Amino acid sequence: MSRKRISFRTELPLLVWLVVVWGALWRDFSPGNLVFGALIAVVVARIFYLPPVELSGRFNVLRAIPFAVVFLGKVVAASFQVMYLAVFRGPSVTNAVVAVPLRSRSDLMVTATGHVISLIPGSLVVEVDRSTSTLYIHGLNVRNDADTAKLRKEVQDTEASLIRIMGTRAEMDALQAEGRPATRGAGS
């Protein structure tokens with residue numbers, strides 16, 4: 001199977017990530033082990049067919065830090081909510097699978113959004129439709145249309161935050177066009 005050639009600059013984040021995973025798997029971050037991991041990463045990336053991960057070439061640290069703090073807060077709050085529902089409501093909790101169309105067609109953005117949502121207790125991605133960039137989310141305690149709309153909004157807001165952190169210029173422009181502020185301050 002032939003694949004489009006990817007520039008080294010575009011592939012560099014993947015290679016760095018593979019080296020970090022290599023070091024973590026061996027629990028050895030010595031220079032020799034990391035160099036060997038880098039050689040293996042280059043071989044894996046060049047020989048085996050991996051779908052190209054199209055990166056935007058930008059990462060906004062000033063948006064990533066508050067996003068991480070808010071994410072951790074959501075994890076803690078959702079953990080207590082799930083505990084409350086399990087202890088006091090038990091089997092009477094209503095659940096639903098909700099289709100959430102995303103703005104981005106980027107595999108990276110769809111995957112990142114799905115992972116962030118799945119890491120928050122009470123929600124789980126059960127299906128991804130790549131052709132339409134739709135996530136199907138299993139939501140806990142979804143009782144009515146208002147809860148469904150709230151879950152959709154939370155997923156789309158998460159995607160919007162990720163676009164602000166590492167989205168392409170076209171995705172940023174689409175956010176601005178729909179009335180969501182895409183930039184605030186420097187660094188975008």
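Since this is a predicted model, take the numbers as computed values, not measurements.
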Of all the heavy-atom pairs spanning [X] and [Y], show the shortest one and how long it is.
{"X": "Gly114", "Y": "Val125", "result": "O-CG2, 3.5 Å"}
{"X": "Val128", "Y": "Leu135", "result": "CG2-CD2, 3.6 Å"}
{"X": "Ala99", "Y": "Thr134", "result": "CB-CG2, 4.1 Å"}
{"X": "Glu154", "Y": "Ile117", "result": "O-CD1, 4.5 Å"}
{"X": "Gly37", "Y": "Trp22", "result": "CA-CD1, 3.4 Å"}
{"X": "Ala112", "Y": "Leu162", "result": "C-CD1, 3.7 Å"}

Side-chain heavy atoms under 4.5 angstrom apart, residues restricted to Ile, Leu, Val, Met, Phe, Trp, Tyr: same cluster for [X] and [Y]?
{"X": "Val155", "Y": "Val126", "answer": "no"}
{"X": "Met83", "Y": "Val93", "answer": "yes"}
{"X": "Val116", "Y": "Leu119", "answer": "yes"}
{"X": "Val98", "Y": "Val110", "answer": "yes"}
{"X": "Val61", "Y": "Met166", "answer": "yes"}

[X] versus [Y]: any side-chain heavy-atom pair under 4.5 Å?
{"X": "Asn95", "Y": "His138", "result": "yes"}
{"X": "Asn60", "Y": "Met172", "result": "no"}
{"X": "Leu72", "Y": "Val76", "result": "no"}
{"X": "Ile120", "Y": "Phe71", "result": "yes"}
{"X": "Glu178", "Y": "Leu175", "result": "yes"}
{"X": "Leu18", "Y": "Val42", "result": "no"}
{"X": "Ile163", "Y": "Met109", "result": "yes"}

When you measure from the side chain of Arg105 to the backbone of Thr132, do you find a donor-acceptor pair of N or O atoms at a distance under 3.5 Å?
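Yes.
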Polar side-chain atom of Arg89 near backbone of Thr94 as donor-acceptor pair, under 3.5 Å
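Not at all, since once roles are kept as given, no pair shorter than 3.5 Å links the two residues.
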Would you mind listing the cluster partners of Phe29? Hydrophobic ones only (ILVMFWY), side-chain contacts under 4.5 Å, chaining allowed.
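So far as hydrophobic clustering goes, Phe29 is joined with Val19, Leu34.
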Contact list for residues 132-145, test salt bridge (charged side-chain N to carboxylate O under 4.0 Å, His left out), sequence neighbours left out:
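Residue pairs passing salt bridge (charged side-chain N to carboxylate O under 4.0 Å, His left out), neighbours aside: Arg143-Asp147.
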List in chain and number order the residues that pass salt bridge (Lys or Arg N to Asp or Glu O under 4.0 Å) with Asp28, two or more places apart in sequence or in another chain; answer none if no residue qualifies.
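Applying salt bridge (Lys or Arg N to Asp or Glu O under 4.0 Å) to Asp28 gives none.
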Verdict with reasoning, Glu159 to Arg103, per salt bridge (Lys or Arg N to Asp or Glu O under 4.0 Å)
CA-CA 8 Å; Glu159 181 199 22; Arg103 296 169 198 84; 2.8 Å; yes
Inter-residue atom distance [X].[atom1] - [Y].[atom2], 0.5 Å rounding:
{"X": "Leu39", "Y": "Leu15", "atom1": "CG", "atom2": "CG", "value": "11.0 Å"}
{"X": "Leu151", "Y": "Gln156", "atom1": "CG", "atom2": "CD", "value": "10.0 Å"}
{"X": "Thr148", "Y": "Ile137", "atom1": "OG1", "atom2": "CD1", "value": "12.5 Å"}

Could you walk me through whether Asn141 and Gln81 satisfy the side-chain contact (heavy atoms from CB on, under 4.5 Å) test, starting with their C-alpha distance in whole Å, then the side-chain angles of each, then the deciding distance to 0.1 Å, before giving a yes or no?
CA-CA 10 Å; Asn141 201 30; Gln81 180 188 22; 4.1 Å; yes
Could you walk me through whether Phe59 and Ile165 pass the side-chain contact (heavy atoms from CB on, under 4.5 Å) test, one step at a time?
CA-CA 6 Å; Phe59 186 84; Ile165 294 169; 3.5 Å; yes
Just wondering, more than 12 heavy atoms not from Phe36 lying within 6.0 Å of its CZ?
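Counting neighbours around CZ of Phe36, 12 or fewer heavy atoms of other residues, nucleotides or ligands fall under 6.0 Å, so no.
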